[in-house]
Amino acid sequence: MSFLKVKDLSVFFKRNTNDTQKAFAYKKDIQVVNTVSFEIEPSQIFGIVGESGCGKSITAYSLMGILPNNAYSEGEIIFNGQNLTTLSGEQRRKLRGNQISMVFQEPMTSLNPVFTIGYQIAEVLMTHKGFNKGKAMTKAVELLNAVKIPSPELRVKDYPHQLSGGMRQRVMIAMAIACTPAILIADEPTTALDVTIQSQILKLIDKIKKDMGMSILLITHDLGIVYENTDRVCVMYAGRFLETAKTIELFKNPRHPYTIGLLKSLPVNKNIPLSPIPGIVPRPDNLPEGCKFSNRCLFALEACKEQEPDLMPVSDEHYVRCIRAGEHLWKMA
Amino acid sequence: MENGLEIVSVLNLQKYYTTRSGFLGRKNILKAVDDVSFKIKKDKVFALVGESGCGKSTVARTILLLTEKTAGTIFFNNRDISTLKGKDLKAYRRFVQIIFQDPFASLNPRMRIYDTLSEPLKVHKTVPVKMYKERVATLLDQVGLNHSVMNRYPHEFSGGQRQRICIARALALSPGVIVADEPLSSLDVSIQAQILNLLKELKVKNSLSFLFISHDLNIVQYFSDEVGVMYLGKIVEQAPSEELFSKPMHPYTEMLLNCIPKINRLQNSSNGYDDKTDTPSPLNIPKGCPFHPRCPKRLKQCELVQPVLKEYNGRAIACHLYLI
Ligand SMILES: Nc1ncnc2c1ncn2[C@@H]1O[C@H](COP(=O)(O)OP(=O)(O)OP(=O)(O)O)[C@@H](O)[C@H]1O
Ligand SMILES: Nc1ncnc2c1ncn2[C@@H]1O[C@H](COP(=O)(O)OP(=O)(O)O)[C@@H](O)[C@H]1O
Ligand code: SF4
Ligand SMILES: [Mg+2]
Ligand SMILES: [Mg+2]
């Protein structure tokens, strides 16, 4: 049984049609997510890893149904047998925070500074579960306890500015899990935090997965986090999945030159020189022909510049979008 | 500790801020940096690590004379910099340059790259005006950018390219010491590796010494020669980097290293640390050892007596476990 199934999801940003610069007016809309498909099972942490601008957050926003006004999506998002993209705005609002919820990167901007954290957690329960205020506040204390905030009965009365960054992120998680959603999306939940606090938050997410059987989508740019915390992962670049596999398999047997390049960019040991990926991360309106990684790829052939490869299986549940995927390039890099 | 000619040395540096809190405006002393000493040695990289707010940038700013210190001494070639005047002070400012975290904020959007890079030459009059163009071209070469970028504006460049421009600006006056405060943290992984390679190359070619601040301990391990681990304004462990990373001794260093997510391509790893506490505020530093509320190895005396930084097996450690 699969809880969330995404099929050929694409997201576009509209070009500004009343653009005074006429040159842009007739150009096509910009595609920032390109036919992405994946499934997340219950009690699974599914990772999306990639550099900034590759489309991670936009993918998450489409699952949540919170794309910006100038964006639209294509493809299917199937949750409990229902295609979410066919639902009305009102129906999706009911799912949000209830069945599917999200934790954002910046814990300060996503909390309201004028309400206590207890009230903000309680409000989620009052809205979605119809709890009265007393019952919701009691549950808020329980939730603060569940996310390991010390003295929760005192802390419920605190305002966001009275908490540290790590505690705020834990409050965000408490709000996100308040209604026991089936799916939790965590978009770079620890990027703004110290490694020590990061490690606490990631352990908490893992515990929630185990205790509540949730499906978790963990978005990050950190391969170490992917390695330690996810069950399955896909590597995203220029709006596409370039490689997807079980996490252990991906690190044992990286096949795509981009994945290999990312791994070779990480400092491990003073004596192993870094071999960075050349060039810069391309913008979505300025991608090369053929394989979207071909202009930075150390293994590119002439054919790579002509046609974009499909995401093809190389072994059980391991898919790679590269014509040289079968060659064990890792050993040559 | 490793020998080597020291260029800048910091002795018992203190920076206290006075803040007011609450409706009554009670005065609080915030000890951002408290009794910190270390040496930046010739051609070496000294790194400062520690959690947010522990005082790393404050140390950097005092060395750069961007913040006035409360107490302590900074020596430049064995001269107390607070006694430097005129030409000597200018020479110090030229010799110590900075690279910041955010290459977007640190370039003036209205200045062409040529103007940004020639400005320090104008201020310090190190080369004649007719040589500016040549000097700017050399600087761009050094950071791997094409000469043609001279006439362009910062918004035309990516994050990594802007950081290259910032590095070129820092090199303009042929400095000996670069203070790099989180120079890679706003960059993507693939770009971080490019810039790190560039810094390594420049270090050798231009014979540079570094004060390197980073929260990414993998990068610190790769780039630094010596590391100072800071906790609430103090250095709690200082050691040659290879030793520190292969055998952390202070329980706080151990905790930090344990928290780095690691890629172990062969076997499943897991970090066994169970820390539930937050970093305490520098306005409310715990009595005794400032780390004791989070320390899994604390002894009775840790709650009462503050351990002093002492030499231990070629490093410096402030911890009761090593004072017996
Ligand atoms: N101008 C100031 N007035 C009052 N307090 C300050 C001032 N500047 C810094 N501080 C405080 O001094 C302490 C050390 O700050 P500093 O910026 O040096 O930390 P840091 O180690 O660089 O942290 P980060 O990793 O977040 O950059 C912090 O508690 C900070 O809030
Ligand atoms: N509101 C917006 N208007 C136009 N383009 C946008 C908007 N938000 C994001 N984009 C573009 O969509 C692409 C993907 O963005 P995002 O999903 O936020 O990347 P990531 O989360 O992987 O860093 C980027 O190229 C970004 O510039
Ligand atoms: S298809 Fe070609 S260009 Fe693309 S990643 Fe593979 S080898 Fe490189
Ligand atoms: Mg994002
Ligand atoms: Mg700082």
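Residue numbers start from 1 in every chain, and the chains themselves are labelled A, B, ... in the order their sequence lines are given, proteins ahead of strands.
- Here the closest heavy-atom approach between residue B:A193 and residue A:P276 is recorded as CB-CB, 3.6 Å.
- For the atom pair NZ (A:K270) and OG (B:S224), the distance works out to 5.0 Å, reported to the nearest 0.5 Å.
- Nearest heavy-atom pair, B:Y222 versus A:P273, reported as atom, atom and distance to 0.1 Å: OH-CA, 3.5 Å.
- Residue contact with chain B, scored on non-hydrogen atoms closer than 4.5 Å, involves the side chain of A:R296 exclusively.
- Side-chain N/O atoms of A:S265 and B:Q192 include no donor and acceptor closer than 3.5 Å.
- In this model, no donor atom of one side chain and acceptor atom of the other lie less than 3.5 Å apart for B:S52 and A:D194.
- Of the inter-residue distances, the one linking B:I263 atom CD1 with A:D222 atom CG reads 7.5 Å to the nearest 0.5 angstrom.
- For chain B, the option among A:N271, A:L274, A:I280 with the highest count of heavy-atom pairs below 4.5 Å is A:L274.
- The number of heavy atoms from other shown groups lying within 6.0 Å of NZ (A:K264) is above 12.
- Counting heavy atoms of neighbouring residues, nucleotides and ligands inside a 6.0 Å radius, atom NZ of B:K200 exceeds 12 of them.
- Atom CD of B:E51 is separated from atom CG of A:L193 by 11.0 Å, given to the nearest 0.5 angstrom.
- In this structure, A:I277 CD1 and B:D188 CG are separated by 9.5 Å, a value rounded to the nearest 0.5 Å.
- Residues B:I191 and A:E51 share a closest heavy-atom pair of N-OE2, 4.3 Å.
- Neither the backbone nor the side chain of A:V226 has a heavy atom closer than 4.5 Å to any heavy atom of chain B.
- Contacts of A:N229 with chain B are absent, with no heavy-atom separation under 4.5 Å from either backbone or side chain.
- Residue with the most contacts toward chain B among A:G279, A:S275, A:G261: A:G279 (heavy-atom pairs, distance under 4.5 Å).
- Annotation for A:T196 and B:C259: closest pair CA-SG, 3.7 Å, computed over non-hydrogen atoms.
- For a residue to count as touching a neighbouring chain, one of its non-hydrogen atoms must lie under 4.5 Å from one of that chain's; by this rule B:E242 touches chain A with the side chain only.
- Proximity to chain B (any heavy atom under 4.5 Å) is restricted, for A:L266, to the side chain, taken from C-beta onward.
- Annotation for A:R283: atom CZ does not count as buried by contact number, only 12 or fewer foreign heavy atoms lying within 6.0 Å.
- For chain A, no part of B:L187 is nearby; none of its heavy atoms comes within less than 4.5 Å.
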